[in-house]
*Asks:* 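Okay, handing you the structure first.
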Amino acid sequence: MNEQIRISPIRLIGAAGEQHGIVPTNQALEMAREAGLDLVEVAATERPPVCKIMDYGKFKYAQSKKTHQKTHQQKLKEIRVRPKTGEHDIDTKINQARKFLEHRDKVQLNVLFRGRELQHIEEGQRIILHMMEKLADISKVEQAPRMEGKRMVCMLAPKA
């Protein structure tokens, strides 16, 4: 950067990206000072080295922003239904699960049983299989439906 560039001549790129060709280092430094910017070496291994006129502080800030961009933290979202839940309500839950999967979150489908409902687990299984079928285009089954006490659980993950 600026006076630290020892090799002369250099290939110069202007502030707007225009090519200035091969110029002496002193002349390039003078052009950078006139523009109120810095002369930064962008390709030191080339012969002659490539330097660019730019705002170095702004450049470093943009680079730090790129490295600090947060990647999406995958969360586990839960969708609960009962064996007697209506068809339209299940469609609403499917749409909700679809939004979660599109947002790259995992979805756990739960069918909760109470009292005598436990004698009709096939109804809960029908619901959970219907939901899995509707979400098959956007998800993959991470954990097949299985009974855990009084609930039937299935885990879906977004497709890669």
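Numbers for residues simply follow the sequence, beginning at 1.
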*Asks:* Using atom types as modelled and distance alone, determine if a side-chain donor or acceptor of K150 lies under 3.5 Å from a backbone N or O of G115.
*Replies:* no
*Asks:* Is there side-chain contact between V81 and D89, with heavy atoms separated by less than 4.5 Å?
*Replies:* no
*Asks:* Would you mind reporting whether V141 and L156 have side-chain heavy atoms less than 4.5 Å apart?
*Replies:* yes
*Asks:* Below 4.5 Å, heavy atoms only, C-beta onward: do E123 and E117 meet side chain to side chain?
*Replies:* no
*Asks:* Take R33 and E30 through the side-chain contact (heavy atoms from CB on, under 4.5 Å) test and state the conclusion after the steps.
*Replies:* CA-CA 5 Å; R33 282 196 194 101; E30 196 57 44; 4.1 Å; yes
*Asks:* By the side-chain hydrogen bond (donor to acceptor under 3.5 Å, both in side chains) test, which pairs, at least two apart or in different chains, include something from residues 36-60?
*Replies:* N2-D38
*Asks:* Do you know the tightest heavy-atom contact between P9 and P48?
*Replies:* O-CB, 3.5 Å
*Asks:* Going by heavy atoms in the side chains, are K99 and H103 under 4.5 Å from each other?
*Replies:* no
*Asks:* Which residue pairs satisfy the ring-ring contact (aromatic ring centres under 6.0 Å, His included) criterion with at least one member in residues 110-141, sequence neighbours excluded?
*Replies:* none
*Asks:* Rounded to the nearest 0.5 Å, what's the gap from CD on Q19 to CD1 on I13? Could you check?
*Replies:* 5.0 Å
*Asks:* Closest approach of I128 and V153, non-hydrogen atoms and distance?
*Replies:* CD1-C, 4.2 Å
*Asks:* Looking at CG of L118 and CE of M152, how far apart are the two atoms once the value is rounded to the nearest 0.5 Å?
*Replies:* 10.0 Å
*Asks:* Side-chain contact, heavy-atom cut-off 4.5 Å: K134 with M131?
*Replies:* no
*Asks:* How many angstroms lie between CG in L109 and CG in L135, if you round to the nearest 0.5 Å?
*Replies:* 7.0 Å
*Asks:* Please find the pair of heavy atoms, one from A16 and one from E18, that lie closest to each other, and give the distance.
*Replies:* CB-OE1, 3.1 Å
*Asks:* Strictly by salt bridge (Lys or Arg N to Asp or Glu O under 4.0 Å), give each pair with a member in residues 135-147 just once, sequence neighbours left out.
*Replies:* R98-D137, K106-E142, R146-E148
*Asks:* Could you see if M155 belongs to whatever hydrophobic cluster contains L101? Use Ile, Leu, Val, Met, Phe, Trp, Tyr and a side-chain cutoff under 4.5 Å.
*Replies:* no
*Asks:* Side-chain contact test, heavy atoms from C-beta onward, threshold under 4.5 Å: evaluate it for Q96 versus T92 and give yes or no.
*Replies:* no
*Asks:* Less than 4.5 Å apart, side chain to side chain, heavy atoms only: is that true for L37 and M54?
*Replies:* no
*Asks:* Looking only at heavy atoms, which two atoms of R11 and I22 are closest? And how far apart?
*Replies:* NH2-CD1, 3.8 Å
